[in-house]
2 protein chains.
Amino acid sequence: MRKTIDQVAQLAKVSKATVSRVLNNSPKVTEETRERVMKVVKELGYYPSAMARRLTTNKAETIGLIIPAPHDRTFGNPFYTEIIRGFAHQAKIKKYDLLLFTNEHKFNYSQLFYDRRVDGLLLIGVKRNDKGIIQLSKKEFPYILTGKIDYEDANYIDAENRRGAYRAVSYLANLNHKKIAYIGGSFEFVFNQERFEGYLSALQDHNLEYGKELTMESISTQESGYEAMRKILKFSPIPTAVFAANDLDAIGAMKAVKEKGLRIPEDIAFIGFDDIQLASFMDPPLTTVRQPIFEMGTTAINLLVGMIEGRVKGAQQIELPTQLIIRKSSGKIRMCK
Amino acid sequence: MRKTIDQVAQLAKVSKATVSRVLNNSPKVTEETRERVMKVVKELGYYPSAMARRLTTNKAETIGLIIPAPHDRTFGNPFYTEIIRGFAHQAKIKKYDLLLFTNEHKFNYSQLFYDRRVDGLLLIGVKRNDKGIIQLSKKEFPYILTGKIDYEDANYIDAENRRGAYRAVSYLANLNHKKIAYIGGSFEFVFNQERFEGYLSALQDHNLEYGKELTMESISTQESGYEAMRKILKFSPIPTAVFAANDLDAIGAMKAVKEKGLRIPEDIAFIGFDDIQLASFMDPPLTTVRQPIFEMGTTAINLLVGMIEGRVKGAQQIELPTQLIIRKSSGKIRMCK
DNA sequence: CTGTTAGCGCCTTCAA
DNA sequence: TTGAAGGCGCTAACAG
């Protein structure tokens with residue numbers, strides 16, 4: 001036998017309206033009746049039906065989280081697990097449920113709003129040209145992207161990619177590196193392009209050479225970072241430093257360098273991007289541009305909830321600062337040559 | 001203005017009951033009226049409210065997924081992301097939503113059933129002595145654990161851990177290794193103990209020595225695998241082979257071995273457990289006991305849905321077979337000594 | 001095969 | 001401060 005608000009009302013000798021008020025912390029209830037009701041609630045083990053409440057209030061109390069499809073390798077990146085934990089943690093605090101979807105079969109995001117399953121949407125790993133987002137914006141459905149896309153009015157939260165990359169490469173330049181290679185992910189994602197631009201602009205400001213053979217695209221996994229580095233090592237002279245636009249690429253690349261019998265950082269210095277847990281454990285520990293991943297998750301939730309509840313209006317575009325974490329892989333100032 | 005079933009009914013000149021029948025594919029509707037109704041549905045852009053349906057049918061159409069708390073390092077293991085993709089993929093097929101929770105603050109699982117937010121629960125990374133599970137079982141709430149626990153009547157899906165470990169270690173023994181070390185995760189998780197038991201029993205069957213200094217506990221991360229191996233290497237003579245109860249430990253351990261200037265597999269052979277993507281990319285590629293991770297995810301969903309819909313009854317305990325994937329790290333037969 | 005009716009369990013006016 | 005009544009949008013009997 002299911003417990004309902006009516007049973008509580010009867011046992012507490014009040015109307016169900018009053019029970020509802022007590023449960024929703026309405027101020028206009030006597031302390032006495034509140035206690036009486038709560039006593040019955042406890043004894044009965046009553047929990048209000050989420051579905052009934054949601055139907056009446058017309059709120060789903062739910063945020064949808066869309067993750068890349070199973071065949072998309074990028075999802076293995078620890079960045080995602082970390083930001084998801086940020087989401088889950090903060091959603092609980094804000095009293096929203098988190099619904100998980102994979103982005104398969106040209107998924108129509110709006111439908112989740114139409115059938116009122118979600119109040120808002122969080123999307124991670126969305127490609128820059130995703131058209132579905134435009135529709136969300138036009139319909140004014142609350143959503144936040146993790147990472148900028150081409151659509152100008154999109155709501156997103158991101159890190160200061162260009163600046164982070166710029167600082168990393170400048171750091172290498174100031175260490176007297178003249179030939180700095182770049183390994184980074186696909187430009188399908190804007191953040192990858194921005195990091196590349198940060199790299200370029202640092203080269204320029206330091207009057208360093210730029211060459212096609214110094215830049216290599218990768219799919220942001222250790223494997224492909226490894227392959228990318230092997231290609232770079234085929235050209236000579238080889239670079240004295242590498243900036244990788246994400247840590248997994250950096251880690252894979254370091255492996256290729258070691259395999260060749262070269263030393264890090266003496267022969268080739270390294271800087272990555274993200275600061276995943278693994279980074280500090282590398283040998284040598286990886287210097288990297290830290291993104292505040294967990295915080296990006298919690299911030300995204302707070303912002304989204306603000307949009308849902310109407311406190312925040314207009315396009316939301318937030319970029320969180322990054323921080324250069326200096327470890328051994330970037331080495332000391334370079335004297336020779 | 002929100003679209004409701006009434007509007008569709010009016011425009012299609014039928015009752016809302018008929019609209020409902022059409023939408024739920026009831027067989028007793030004329031093809032003609034079905035078409036008429038569907039036409040209106042399309043034109044109007046009508047989607048039935050999930051919440052209203054759920055309230056009426058008293059089904060949440062939702063499965064809860066409980067992941068380890070943010071401070072729990074084990075969640076970074078690629079095993080989890082992979083199985084979650086299996087869950088998400090299959091849940092969609094079965095038309096269930098997946099609700100994500102982190103296991104914080106002595107979370108009372110049953111509450112999710114009380115307020116009817118979920119029809120069933122999937123729990124990953126649950127420790128062997130978790131008392132909350134007993135309550136779920138007693139109340140006959142549908143749930144599935146990923147990984148066995150101490151409670152005998154628990155529903156779980158797992159891999160054949162003992163057998164997988166046994167085969168791996170036997171393989172090493174047959175390669176003529178006499179001194180085989182073990183690195184594995186905490187016995188807080190039953191699967192870790194089972195893998196250890198598989199190791200022990202293989203040693204026994206091959207009349208090999210067992211020594212405390214040959215076994216090292218780790219928390220299943222690369223870092224701790226690395227540390228564990230460094231400790232093992234301090235004893236002499238050092239082992240000629242290592243069985244690690246998960247790939248991350250194996251990968252970390254291999255790093256420690258290489259650092260010492262030892263060769264893999266010539267000086268020390270390695271076998272891991274899981275077959276995460278990274279395993280095949282190692283240098284040398286890691287021989288490992290493959291768990292069918294994605295399949296464990298889809299199987300769990302199917303089983304859980306069966307329980308929810310009453311087609312499956314009683315305690316469900318499934319162990320999926322593992323497979324030894326032989327790569328370079330385990331080496332060839334050992335002649336010397 | 002289709003329509004009518006009656007809830008599902010809750011919140012929210014409106015009166016008292 | 002409390003109660004009565006109505007309705008959220010849908011499905012499920014039960015008639016017809």
Side-chain angles (χ1 to χ4, degrees), chain A residues 1-38 40-41 44-62 95 111-119, chain B residues 1-38 40-41 44-62 95 97 111-119 309:
Chain A
M1 193 49 214
R2 189 155 315 110
K3 285 120 182 173
T4 72
I5 199 172
D6 287 278
Q7 298 177 39
V8 178
Q10 285 186 16
L11 289 173
K13 299 192 201 307
V14 292
S15 70
K16 40 185 202 160
T18 300
V19 177
S20 176
R21 289 190 188 100
V22 170
L23 260 24
N24 294 296
N25 293 313
S26 160
K28 9 174 143 185
V29 181
T30 323
E31 194 51 38
E32 181 193 286
T33 56
R34 156 164 278 120
E35 276 172 19
R36 185 149 41 95
V37 170
M38 285 312 290
V40 175
V41 166
L44 206 57
Y46 167 72
Y47 292 85
S49 154
M51 285 169 320
R53 180 180 57 238
R54 290 167 185 185
L55 179 61
T56 347
T57 59
N58 195 29
K59 290 179 194 157
E61 303 172 353
T62 300
K95 307 209 170 174
Q111 184 179 340
L112 297 174
F113 289 94
Y114 292 143
D115 67 7
R116 319 207 73 68
R117 275 200 284 198
V118 304
D119 300 314
Chain B
M1 192 50 215
R2 189 154 316 108
K3 284 118 184 175
T4 71
I5 199 171
D6 288 277
Q7 299 175 38
V8 178
Q10 285 186 15
L11 289 173
K13 299 189 199 311
V14 292
S15 71
K16 41 184 204 162
T18 299
V19 177
S20 177
R21 288 191 189 100
V22 170
L23 261 23
N24 292 298
N25 293 314
S26 159
K28 10 173 147 184
V29 182
T30 322
E31 195 50 38
E32 183 193 285
T33 56
R34 158 163 276 119
E35 278 171 18
R36 184 149 42 94
V37 169
M38 284 312 289
V40 175
V41 166
L44 206 58
Y46 166 74
Y47 290 86
S49 154
M51 286 169 320
R53 180 181 56 240
R54 290 168 183 183
L55 178 61
T56 328
T57 59
N58 195 28
K59 290 178 194 159
E61 303 172 355
T62 299
K95 308 210 168 172
D97 281 343
Q111 184 179 339
L112 298 175
F113 289 94
Y114 291 144
D115 66 8
R116 319 207 73 67
R117 277 200 284 198
V118 304
D119 300 314
E309 298 178 353

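Letters A, B, ... are given to chains in the order of the sequence lines, protein chains preceding strands, and every chain is numbered from 1.
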Listed nucleotide nearest any side-chain atom of B:Thr18, set D:dT1, C:dG3, C:dC11: C:dG3

Out of D:dG9, C:dC10, D:dA4, which nucleotide sits closest to the side chain of A:Ile5? C:dC10

Can you tell which of D:dG9, D:dG3, C:dG3 lies closest to the side chain of A:Val14? D:dG3

Selection from D:dC8, C:dT12, D:dG3 that lies nearest to any side-chain heavy atom of A:Ser20: C:dT12

With no hydrogens and no angle check, is any side-chain donor or acceptor of A:Thr62 less than 3.5 Å from a backbone partner on A:Ala60? yes

Just how far, in rounded Å, is C1' of C:dC11 from CG of B:Asp115? 17 Å

Could you tell me whether the side chain of A:Asp115 and the main chain of B:Pro48 form a donor-acceptor pair under 3.5 Å? no

Do any side-chain nitrogens or oxygens of B:Tyr46 fall under 4.0 Å of OP1 or OP2 in D:dC10? yes

Assign A:Asp6 to base, sugar-phosphate, or nothing according to its heavy-atom contacts below 4.0 angstrom with the strands shown. nothing

Can you tell me which nucleotide in D:dT11, C:dG9, C:dT4 comes closest to the side chain of A:Ala52? C:dG9

Side chain B:Thr4, main chain B:Asp6, donor-acceptor under 3.5 Å: yes

Donor-acceptor pair under 3.5 Å, A:Thr56 side chain vs C:dC11 base: no

Donor-acceptor contact below 3.5 Å, side chain B:Arg117 vs main chain B:Leu112: no

Can you tell me the distance, in whole Å, between the CD atom of A:Glu61 and the C1' atom of C:dG9? 13 Å

Starting at the 5' end of DNA chain C, which residue's closest nucleotide do you reach first, B:Lys13 or B:Lys16? B:Lys13

B:Arg21 side-chain proximity, nearest of C:dC10, D:dA13, D:dT2: D:dA13

Report the nucleotide, chosen from D:dG9, C:dT12, D:dT11, that has the shortest atom-to-atom distance to any side-chain atom of A:Thr57. C:dT12

Looking only at the side chain of B:Ala17 (C-beta and beyond, no hydrogens), which of the listed nucleotides C:dT4, D:dG3, D:dC8 gets closest? C:dT4

